[in-house]
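Below: one structure, written as structure tokens.
Below, all heavy atoms of this structure are taken into account, side chains as well, without hydrogens, waters or symmetry copies. Atoms within each ligand, like the ligands themselves, are counted from 1 in listed order.
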Amino acid sequence: PLPQVLDDPHEVEKSGLLNMTKIAQGGRKLRKNWGPSWVVLAGNSLVFYREPPTTAPSTVWGPAGSRPESSVDLRGAALAHGRHLSSRRNVLHAFCPLAPQIRTIPGHEFLLQSDHETELRSWHRALRAVIERLDRE
Ligand code: I3S
């Protein structure tokens, strides 16, 4: 699914450095593996890069020429506070179903975390706005 977004880049709505761990993939629970990630919100997607861009950010998809580590489709996604899933502070839990309209099918789940509460709140708002927009489409 990723080449499509690279061929047709959407405007970046938000990007920044967060701590991230996947916790489930295709409904299968994964062992946590927290690490820093350069996160880019654009179009229907949330894209994860290992490194922040070295050149002018915001209009490009992460570092020029670098491949994303992974990405998720936000259609049908749901957000929740991650307090039940982590001892860390300011944790956001995101669930992305494999089929956008079928939220009962297990999908991908990950946690986003920042030491700065305002930063995590602002990501929560931005993600919620995109998910709500996609819900109306
Ligand atoms: O949900 P858990 O199992 O308490 O998550 C912790 C573990 O993943 C731990 O690694 P080990 O697999 O070596 O136990 C990590 O170091 C912790 O960071 C995880 O918990 P937090 O509360 O940081 O999400």
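Expressed to the nearest 0.5 Å, how far CD of Gln113 lies from CE of Met20 amounts to 12.5 Å.
Evaluation of the salt bridge (Lys or Arg N to Asp or Glu O under 4.0 Å) test over residues 70-98, restricted to residues two or more places apart or in two chains, returns Asp73-Arg75. Within the structure, every pair that satisfies the salt bridge (Lys or Arg N to Asp or Glu O under 4.0 Å) test and touches residues 128-137, not counting sequence neighbours, is listed here: Glu13-Arg133, Arg103-Asp135, Arg133-Glu137. Residue pairs meeting the salt bridge (Lys or Arg N to Asp or Glu O under 4.0 Å) criterion with at least one member in residues 25-42: none, sequence neighbours excluded.
Protein residues with a heavy atom closer than 4.0 Å to ligand 1 are Arg31, Lys32, Trp34, Ser86, Ser87, Arg88, listed by chain and number.
Minimum heavy-atom separation, Thr21 to Asn33: OG1-N, 2.7 Å.
Between Phe48 and Phe110, the distance separating the two ring centers is shorter than 6.0 angstrom.
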